[in-house]
A.B. asks: 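Got a structure for you, questions after.
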Amino acid sequence: MPDLKWYVIHTYSGYENKVASSIEKAVENRGMQELITEVRVPTETVVEIKDSKKKEVERKVFPGYVMVKMEMTDESWYVVRNIRGVTGFVGPGSKPVPLTDAEVSKLGVEKREIVVNFEVGDSLKVVDGYLDGFIGVADSIEPENDIVRVMVSMMGKDVLVELALDQVETLSR
């Protein structure tokens, strides 16, 4: 199983889509689908108002950058680094540094599907983070924002804390 991680590539501004498609073509031509699995140019849809007309426009979230999920080998580094428009990997010197899982999650590069199997009022156990082991009651749930607010008891006081959905699990009913 390859050691796939997300890396950030710096490109000439305006070349992001060209670089992404060039990497995909190179991967296909060289049969490197196991080493380089995904290429993304993070975008967002925004509403622009021009001459009192609303128009939805797709805008690059990080102009000048492309995200690549790959196993870092000499061959994969060489292929990506030598694509026209690529100025280098993000990292100190010439050493590419992969994004951490937290960064990948925060940047929204990879959408993880989290199944919420609890409701407001259910007892939950915190399974990750600084409150690991605490038990509380679900106060509100926002699956679209990956957030659950839990009322926990700390030193005799009830405190409302905000956690990621994957930081809690239901206590068996």
A.B. asks: Under a 3.5 Å distance rule, please check whether Gln167 uses its side chain to pair with a backbone N or O of Asp128 as donor and acceptor.
C.D. replies: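 Yes; judged by distance alone, with no hydrogens or angles, the pair exists.
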A.B. asks: For residues Met70 and Val27, determine if any side-chain heavy atom of one lies less than 4.5 Å from a side-chain heavy atom of the other.
C.D. replies: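 With C-beta onward as the side chain, the pair stays apart.
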A.B. asks: Could you list the residues that satisfy ring pair (Phe, Tyr, Trp, His ring centres under 6.0 Å) with Tyr65, not counting sequence neighbours?
C.D. replies: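 Partners of Tyr65 under the ring pair (Phe, Tyr, Trp, His ring centres under 6.0 Å) test: His10.
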A.B. asks: Specify the closest pair of heavy atoms between Val148 and Ala138, including all atoms of both residues, with the distance to one decimal.
C.D. replies: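 What the structure gives for the nearest pair is CG2-CB, 4.5 Å.
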A.B. asks: Test of understanding: clusters of I, L, V, M, F, W, Y form through side-chain heavy atoms closer than 4.5 Å, transitively. Do Val8 and Val61 belong to the same one?
C.D. replies: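 The answer is yes; both residues are in one hydrophobic cluster.
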A.B. asks: When clusters are formed by joining ILVMFWY residues with side-chain heavy atoms under 4.5 Å apart, either directly or through shared neighbours, do Val126 and Met154 land in the same one?
C.D. replies: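 They do share one cluster, since a chain of ILVMFWY contacts under 4.5 Å joins Val126 to Met154.
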A.B. asks: Is there a path from Leu163 to Val137 through hydrophobic residues (I, L, V, M, F, W, Y) whose side chains come within less than 4.5 Å of each other?
C.D. replies: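 Shared cluster, no.
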A.B. asks: What distance separates Leu99 CG from Lys69 NZ, expressed to the nearest 0.5 Å?
C.D. replies: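 Leu99 CG to Lys69 NZ: 11.5 Å, rounded to 0.5 Å.
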A.B. asks: More than 12 non-hydrogen atoms from neighbouring residues, nucleotides or ligands closer than 6.0 Å to OH on Tyr12, yes or no?
C.D. replies: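 Counting other residues, nucleotides and ligands, OH of Tyr12 stays at 12 neighbours or fewer.
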A.B. asks: Surrounding CG of Asp101 (heavy atoms of other residues, nucleotides or ligands, distance under 6.0 Å), is the total greater than 12?
C.D. replies: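 Not more than 12 within 6.0 Å, no.
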A.B. asks: Hey, could you give me the OG1/CG distance between Thr170 and Asp122, rounded to the nearest 0.5 Å?
C.D. replies: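 If I round to the nearest 0.5 Å, the distance is 7.0 Å.
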A.B. asks: Is it true that, when you exclude Glu28 itself, more than 12 heavy atoms of the residues, nucleotides or ligands shown sit nearer than 6.0 Å to its CD?
C.D. replies: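 Not more than 12 within 6.0 Å, no.
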A.B. asks: Not counting sequence neighbours, list each pair that qualifies as a side-chain hydrogen bond (donor to acceptor under 3.5 Å, both in side chains) and has a residue in residues 73-83.
C.D. replies: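 Sorted result for residues 73-83: Thr73-Ser76.
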A.B. asks: Among Val41, Val86, Asn17, Val80, which residue meets the side-chain contact (heavy atoms from CB on, under 4.5 Å) test with Val66?
C.D. replies: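 Output: one option passes, namely Val41.
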A.B. asks: Hey, quick one: are Val152 and Tyr130 part of the same hydrophobic cluster, counting side-chain heavy atoms closer than 4.5 Å, chains of contacts allowed?
C.D. replies: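 Hydrophobic grouping puts Val152 with Tyr130.
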A.B. asks: Hey, could you give me the CD/CH2 distance between Glu103 and Trp6, rounded to the nearest 0.5 Å?
C.D. replies: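 If we round to the nearest 0.5 Å, Glu103:CD and Trp6:CH2 are 13.5 Å apart.
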A.B. asks: Count the heavy atoms of every other residue, nucleotide or ligand shown that sit under 6.0 Å from CD of Gln33, and state whether that count exceeds 12.
C.D. replies: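 Enclosed.
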A.B. asks: A quick test of your reading: do over 12 heavy atoms of other residues, nucleotides or ligands sit less than 6.0 Å from NZ of Lys18?
C.D. replies: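 At most 12 heavy atoms, drawn from other residues, nucleotides or ligands, come within 6.0 Å of this atom.
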A.B. asks: Please round to the nearest 0.5 Å and tell me the distance separating atom OG1 of Thr37 and atom CE of Met32.
C.D. replies: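 One gets 11.5 Å once the value is rounded to the nearest 0.5 Å.
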A.B. asks: Are Val159 and Ile141 joined in one hydrophobic group, where the rule is that I, L, V, M, F, W and Y side chains link up if heavy atoms are under 4.5 Å apart?
C.D. replies: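 In one cluster with Val159: Ile141, yes.
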A.B. asks: Just by modelled atom types, is the Leu4 backbone N or O under 3.5 Å from a matching donor or acceptor in the Glu71 side chain?
C.D. replies: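 No, Glu71 side chain to Leu4 backbone: no donor-acceptor pair under 3.5 Å.
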A.B. asks: Is there a side-chain contact between Met67 and Pro42 in this structure, where contact means two heavy atoms from C-beta onward sitting under 4.5 Å apart?
C.D. replies: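 Contact flag for Met67/Pro42 side chains = yes.
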A.B. asks: Just so I know, are the side chains of Val168 and Phe118 near enough to count as touching, which here means a heavy-atom distance under 4.5 Å?
C.D. replies: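 A side-chain contact exists here, since the closest heavy-atom pair is under 4.5 Å.
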A.B. asks: I need the Leu124 CG to Leu171 CG distance, nearest 0.5 Å.
C.D. replies: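 Rounded to the nearest 0.5 Å, the CG-CG separation comes to 7.0 Å.
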A.B. asks: Just how far is it from atom OG1 of Thr11 to atom CD1 of Ile23, taken to the nearest 0.5 Å?
C.D. replies: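 That separation rounds to 9.0 Å.
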A.B. asks: Within the structure provided, determine whether Pro98 and Met72 are in side-chain contact (heavy-atom separation under 4.5 Å).
C.D. replies: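 No, every pair of side-chain atoms sits at 4.5 Å or beyond.
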